[in-house]
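Data first, discussion second: the structure below is written as structure tokens.
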Protein chains: 4
Amino acid sequence: MSTPQARRGNTRQRIQDVALELFAEHGYEKTSLREIAERLDVTKAALYYHFKTKEDIVISLFQDLVRPIDELITWAQEQPRTLETKREVMRRYSESLNGCAPLFRFMQENQATVRDLSIGETFKRRMYDLFELLNEPDAELRDQVRCITALFSMHAGMFILQKLHGDPEDKRKAVLEVATELVTAANPPSRRPARPDSAQTAAP
Amino acid sequence: MSTPQARRGNTRQRIQDVALELFAEHGYEKTSLREIAERLDVTKAALYYHFKTKEDIVISLFQDLVRPIDELITWAQEQPRTLETKREVMRRYSESLNGCAPLFRFMQENQATVRDLSIGETFKRRMYDLFELLNEPDAELRDQVRCITALFSMHAGMFILQKLHGDPEDKRKAVLEVATELVTAANPPSRRPARPDSAQTAAP
Amino acid sequence: MSTPQARRGNTRQRIQDVALELFAEHGYEKTSLREIAERLDVTKAALYYHFKTKEDIVISLFQDLVRPIDELITWAQEQPRTLETKREVMRRYSESLNGCAPLFRFMQENQATVRDLSIGETFKRRMYDLFELLNEPDAELRDQVRCITALFSMHAGMFILQKLHGDPEDKRKAVLEVATELVTAANPPSRRPARPDSAQTAAP
Amino acid sequence: MSTPQARRGNTRQRIQDVALELFAEHGYEKTSLREIAERLDVTKAALYYHFKTKEDIVISLFQDLVRPIDELITWAQEQPRTLETKREVMRRYSESLNGCAPLFRFMQENQATVRDLSIGETFKRRMYDLFELLNEPDAELRDQVRCITALFSMHAGMFILQKLHGDPEDKRKAVLEVATELVTAANPPSRRPARPDSAQTAAP
DNA sequence: GATGAATGAGTCTTCATTCAT
DNA sequence: CATGAATGAAGACTCATTCAT
């Protein structure tokens, strides 16, 4: 696996893996390309064969992440805006996040940096789309806060809970439950769309 | 205020102000001492008269912040562990945070950096103390998540909600309410200490 | 002279001197800041204390050069457009060039580079101003060529003739004579301003 | 012409064309092989199939240029050293230059670079040969300057006059005329070889 | 209290070049 | 004929830090 021959052809992938690991661990700015290169046992110049700039590495990481979320958003926008849909969005979102925990940890812990990177705006847009899917347009301020907290707690949840003992999967589910409760509370029956039967068709 | 005479003697304070502003805006690593010095119209060397290192500036900022929170923790540990105490902790914490929003924004958005700084450990300790004040020792996982989410939403709340329109004070109250609800839900009547006097023995 | 104390305070000047020497010798691109720093026995960073960028060094060199030429142009524009004025312009220009021969050699031999630098445009402008001072507005193409050749031969003259033996001052005068002849030929009596008496007031 | 098939077999030529274009535009040092390769839509490695080094490309360009000039020199050295021969040399030289204007522009504007390249010396030799053909061995300094100026103005003429309006061919002729006048003036009747047959013994 | 001048270590990035395929 | 992958050397530039004055 670590012979030069075996590494052929997957260097790009290996760069992404190591970079993500280091970015998540020490932050984007404090991770130098020298460090990444050394850990891969290649030269810095090799990185530049695969990525035009340091930022480009982050962008490539982000693009792999954003796809499932984009699909989720697209799917949700075609569903009826029922509570059940919202719950399903939360479920699916939780799973998406689970698949790219390190990247989300990186984004969470390097927000100041990410904001200056070109992906910052894209990321914000996604968050806002999700918020709008959970939130009713004319919701009270308190309910808006509930929705945002729900989203945010799922982002942060994963690694904030790391020091708590317990099975990671159990923790994920606990976070999902609490977050779903918040969304549910933010969508009281009185404010839900009139005909409840549309709800039946919600999730597949 | 901005004449050379008026600036005499409060340079230290002015450095802290500008540094915090820039750290919060662009992150710790991307803010150089040159930038800070230029904005203050002094030389970099002048910064070194007031602070031993760059990290020292952050530490000094942090110390001003941590005091009210330390006091809050000390006070709370002497109170009975009732739900009402927990609610009061939330109220007071919300106000403390309000007083140092930019610093918290900085800590929130530069976690990867802060972790490597000497303040990282101190900060984590405070968070854990607060968590223990809100959480019952043998609480279910879900209730632990509620407490952590409650704390976290108050940290993040302030600047995450910036794009929502509305009076900042209204937003703060909304966040406080939602967070307090989470804490309340995490402390169901059945689990609250049966005899309030047992609370006396709670804190060490 | 070369003790650290003696060097204090004139580092900026020394950088300019060495830089000009190396730029003229090997070209702008092939002269690295490392080279300049090493020859001065300072670090590269020291150069950056005195100049913001590599280009900045060239700009500073150029500004010292351009001043006497600007003055010459200003002076000439206030004189009557007689042949005698033009001859005086050539005389003065030759002396100006003599004072900054290495810089002109640099500009002459690195035109492709200079063009991309910010000084390129400024320089071209000066050349055009000088051309207009020597040339009559509606001159024939051949006379225009004469003027341009006159100017150009003075620029190039100095270092092209280096391999010819003879006293440098003699060579400079020879170039000036030939160039002046070209200008004279480009301003035939028939085309000179009508009233010859205005010519009397020409040179101071 | 630009289909892959049509490009077969003339890649070498295409490299030369693009390289010359870029060298003339931005200079030798600032033109990277990557740039050349990209514009040709081949890889850098492909360039190395056709040329051993970057300098090799310049050398190959130069060799194509130098042949007609070598022929001109050889021819001229066999002619009698009369003024008429010299005039003919100028005429032919002007035409040669016309055929390779971009290369000459490159050499003119990158002298500092060319000097360090292996072609530098070769080029200088040719220039000196030409000078000797135009100049009488024991000419006065002023006449030597005339000859050099004549040569030089023809080199520089082409692109210096670019901003002047007028037909390029007209400009070329104007330059040739002025340059020829300079050569004529440098060869006054009094100094011309008395008996034309003495010309046979001129060149070594 | 503060500055002017400098440093050493490090940053990201680019380049000409090589070579197995 | 040409490429994909990589290298080593070097480039310009920035940073936190120091210290004599």
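Just so we're on the same page: letters track the sequence lines, and every chain starts at 1.
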Check your understanding: Between atom CD1 in I15(B) and atom P in dG1(E), what is the gap in whole Å?
Key -> 12 Å
Check your understanding: Between F104(C) and F123(C), is the gap from one ring center to the other below 6.0 Å?
Key -> yes
Check your understanding: Taking a pair as Watson-Crick or G-U wobble with both distances under 3.5 Å, which nucleotide is matched to dT14(E)?
Key -> dA9(F)
Revision key, fill the gap. Walking DNA chain F from its 5' end, the first of A45(B) and E55(C) to be reached, judged by nearest nucleotide, is E55(C)
Study note, to complete from the structure: Out of dA16(F), dT17(E), dC13(F), minimum distance to the side chain of Y48(B) belongs to dA16(F)
Practice item. Would you mind reading off the distance between L40(D) atom CG and dT3(F) atom P, rounded to a whole angstrom? Key: 10 Å
Exercise for review: Output yes when at least one side-chain N/O atom of T11(D) is less than 4.0 Å from OP1 or OP2 of dA2(F), else no.
Suggested key: yes
Check your understanding: R34(A) side chain N/O closer than 4.0 Å to the phosphate oxygens (OP1, OP2) of dT11(E)?
Key -> yes
Point to revise | Check: E55(C) main-chain N/O paired with Y28(C) side-chain donor or acceptor under 3.5 Å | key: yes
Point to revise | Rounded interatomic separation in angstrom, taking NE2 from H50(D) and C1' from dT3(F) | key: 12 Å
Practice item. For salt bridge (charged side-chain N to carboxylate O under 4.0 Å, His left out), just list the numbers for R34(B) and E38(B), CA-CA rounded to whole Å, side-chain angles, deciding distance to a tenth of an Å, and then say yes or no. Key: CA-CA 6 Å; R34(B) 178 177 55 67; E38(B) 262 170 20; 3.7 Å; yes
Point to revise | Y28(C) or Y28(B), whichever maps to the more 5' nucleotide of DNA chain F | key: Y28(C)
Check your understanding: With both distances kept under 3.5 Å, what pairs with dA20(F), Watson-Crick or G-U wobble?
Key -> dT3(E)
Point to revise | Note: E35(C)-K30(C) ion pair, threshold 4.0 Å (strictly below) | key: no
